[in-house]
Amino acid sequence: MKILFVTPECAPWVKTGGLGEVSAALPKALGELGHDVKVLMPAYRSLRDLSAQGEVLADIPAQGVWPAARVVQAAPSVQQNAGFSLWLLDCPPLYDLAGGPYQDERGQDHATNAVRFGWLSQVAARLGSDLSPVPGWQADIVHCNDWTTGLAPAYLSRLPGRAASVMTIHNLAFQGLFPASEAAKLDLPDEWLSVSGLEYWSQLSFMKGGLQFADAITTVSPTYAREIQEEPLGFGLQGVLRDHVDHLHGILNGIDTGVWNPDVDTFIPHRYDASTVQAGKRANKAALQVRCHLNLDPQAMLFGVVSRLTAQKGSDLIMHAVPEIIAQGGQLVMLGAGDTDLESALRLMAQQHPGRVHVSIGFDETLAHLIEAGADCFLMPSRFEPCGLNQLYSLVYGTPPIVHATGGLADSVVDEVTGFVFKNPTAEALIAALRRAFGRYRDPAAWDRLIQVGMAQSLDWSGSAVRYESVYRELRLRGI
Ligand code: ADP
Ligand code: GLC
């Protein structure tokens with residue numbers, strides 16, 4: 001099949017979180033199944049050189065509300081082993097901006113976001129129709145990801161010879177809401193501006209557009225697929241999801257075992273596998289303690305966190321658990337960025353516990369890998385988590401995770417078998433789980449069993465890629 005995977009981020013080129021990783025690893029796995037996969041992403045400023053060195057596949061003239069743009073295929077040399085072709089939507093007035101994919105340098109949303117992602121969606125839709133701007137290539141499936149691509153299924157529904165559309169929800173908390181007045185810039189027919197279309201409490205919702213018009217909806221874990229059909233995790237769209245439940249699928253994310261695998265990881269100082277995990281983790285733990293100015297104490301149980309610092313991730317709950325970690329002789333390393341209030345509170349907490357607690361604010365790929373390899377135990381008390389990737393990494397790195405039973409965390413960690421799972425997202429419940437972990441850690445044989453069962457899980461993308469493939473096939477069989 002010809003699959004167009006449209007996304008606002010794709011690692012290693014652009015990554016702000018899990019979506020960036022999934023947008024590289026799933027297309028790669030689909031490519032390995034024999035499909036012809038193109039990943040379409042905007043040519044942000046950080047990709048200017050990549051775009052300039054690529055091959056122009058299409059020159060799209062300005063028309064109506066839409067600006068001129070080009071579809072550029074990145075040079076093969078930058079895509080070694082990617083398993084798919086990277087297509088960039090080159091339109092400097094919209095994408096060659098200072099800042100990141102969604103926000104400017106001051107952390108404000110780009111003022112033109114509706115048009116920026118409306119245009120990405122429009123071009124994706126055309127690529128899946130008889131109006132494809134790339135000669136000789138027309139997608140059978142347009143696979144959309146989160147609100148930034150939500151208008152693609154809607155636009156596609158009006159085009160001749162159209163592909164089937166799949167909308168994947170990575171996080172329903174982000175919906176892409178814009179004033180209704182933006183509709184004039186987006187070439188949306190009036191009838192879509194109603195409650196049965198894109199309208200959401202007098203605003204335009206890109207996410208709702210995707211859900212209403214997609215031929216299939218998927219989300220990144222079976223539990224989250226159930227949770228979003230109810231309050232509060234439906235974030236107001238639970239009714240829309242229930243209306244489309246006959247084509248809503250929960251498919252757990254996998255991990256790219258070429259990148260996240262302690263046996264081949266080039267970011268960590270000491271590589272290991274299940275047979276050498278004890279020595280490997282001991283050496284990486286020492287390296288992590290040195291790197292983070294913690295007491296060089298092999299006995300101290302070291303907890304790791306890599307996370308956006310937000311209420312969703314339960315970063316505040318971790319702060320409440322620090323006294324317990326200290327009381328039991330443990331240590332904590334946290335890496336993250338996010339809410340400025342939380343960042344300041346965490347920095348202060350680290351200052352209060354020198355040698356025991358280290359907080360690193362920022363985005364640091366190398367440290368993220370070292371935490372997975374060097375920590376004894378990983379904390380992920382997210383209030384909600386559509387899938388979550390770090391608990392999966394933790395399993396394969398022999399770093400049993402402590403998680404709240406929600407979304408993909410509930411689907412991937414088994415209490416007392418591969419980690420510790422607690423029911424309510426409260427500090428008390430997290431602390432009770434921590435106590436159980438400390439107890440288990442003091443029994444080395446029992447702790448090793450936890451590690452071994454976690455490391456034996458197969459968490460690569462092969463199984464989940466086949467599930468996506470079945471969703472595509474079913475749509476094709478239905479003649480869409
Ligand atoms: P989300 O996408 O909701 O942030 P996920 O668990 O799906 O959560 O994915 C987060 C990804 O981003 C992981 O690969 C994690 O290692 C990475 N990550 C998050 N914060 C940082 C950070 N501060 N530095 C480096 N990597 C980070
Ligand atoms: C979102 C979710 C996260 C998920 C990721 C990739 O960012 O918050 O849980 O793992 O998307 O699907």
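Start at 1 and go down the list; that is how both ligands and their atoms are numbered. Residue indices begin at 1 and follow the sequence shown.
- A donor-acceptor contact closer than 3.5 angstrom is absent between the side chains of S394 and T399.
- The single protein non-hydrogen atom nearest to atom 24 (N) of ligand 1 is D364 N, 3.0 Å, given as residue, atom name and distance.
- Partner of F303 under the side-chain contact (heavy atoms from CB on, under 4.5 Å) criterion, chosen from V333, V357, L434: L434.
- Distances below 4.0 Å separate heavy atoms of Q312 from the following atoms of ligand 2: 8 (O).
- Near V22, with a cut-off below 4.0 Å to any heavy atom, the atoms of ligand 2 are 6 (C), 12 (O).
- Of all atoms in ligand 2, numbered sequentially from 1 with element shown, those under 4.0 Å from a heavy atom of N171 are 8 (O).
- For a threshold of 3.5 Å applied to N or O pairs, the pair formed by E21 and ligand 1 contains at least one separation below that value.
- The single protein non-hydrogen atom nearest to atom 2 (C) of ligand 2 is H170 O, 3.1 Å, given as residue, atom name and distance.
- Geometrically, ligand 2 and G388 share a nitrogen or oxygen pair separated by less than 3.5 Å.
- For T257 and D460, the side-chain atoms include no donor-acceptor pair closer than 3.5 Å.
- Taking a 4.0 Å cut-off on heavy atoms, E21 fails to register as neighbouring ligand 2.
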Could you walk me through whether D415 and K423 pass salt bridge (Lys or Arg N to Asp or Glu O under 4.0 Å), step by step?
-> CA-CA 11 Å; D415 192 35; K423 289 266 164 13; over 6 Å; no
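- Protein heavy atom at the shortest distance from atom 2 (O) of ligand 1 is G18 N, 2.7 Å.
- Under 4.0 Å from ligand 2, the heavy atoms of V220 that appear belong solely to its side chain.
- Between the side chains of W260 and E21, a donor-acceptor pair is found at a separation under 3.5 Å.
- An N or O contact shorter than 3.5 Å links N253 to ligand 2 by distance.
- Under 3.5 Å, the side chains of D104 and H110 contain no donor-acceptor pair of N or O atoms.
- Ligand 2 does not have G408 within reach: every non-hydrogen atom of the residue lies 4.0 Å or more from it.
- Annotation: H143 is in aromatic contact with Y468 [ring centroid separation under 6.0 Å].
- Geometrically, ligand 2 and C387 share a nitrogen or oxygen pair separated by less than 3.5 Å.
- Remark: distances from the non-hydrogen atoms of H170 to ligand 1 are all 4.0 Å or more.
- Considering backbone and side-chain N/O of G362, one or more are found under 3.5 Å from N/O of ligand 1.
- A salt bridge does not link D140 to K2: none of the charged nitrogens lies less than 4.0 Å from a carboxylate oxygen.
- Closest to atom 21 (C) of ligand 1 among all protein heavy atoms lies F363 CE1, 3.5 Å.
- Using modelled atom types and a 3.5 Å distance limit, the side chains of T418 and Q457 yield no donor-acceptor pair.
- Salt-bridge annotation for R48 and D96: present, with a side-chain N of the basic residue lying under 4.0 Å from a carboxylate O of the acidic one.
- Salt bridge D448/R440: absent, no basic N to carboxylate O contact under 4.0 Å.
- The residue from N171, N390, L309, L367 that puts a heavy atom closest to atom 16 (O) of ligand 1 is N390.
- Contact analysis puts G336 in contact with ligand 1, with a non-hydrogen atom separation below 4.0 angstrom.
- Among the atoms of L19, none of the N or O lies under 3.5 angstrom from an N or O of ligand 1.
- In this structure, a donor-acceptor pair under 3.5 Å is present between the side chains of H170 and N145.
- Checked by distance only, ligand 1 and R308 come closer than 3.5 Å through their nitrogen or oxygen atoms.
- When hydrogens are left out, the protein atom nearest atom 6 (O) of ligand 1 is L389 N, 2.9 Å; that is the closest non-hydrogen contact.
- Side-chain contact between H358 and M334: absent, with no pair of heavy atoms (C-beta onward) separated by less than 4.5 Å.
- Atom 8 (O) of ligand 1 has as its closest protein heavy atom K313 NZ, 3.0 Å.
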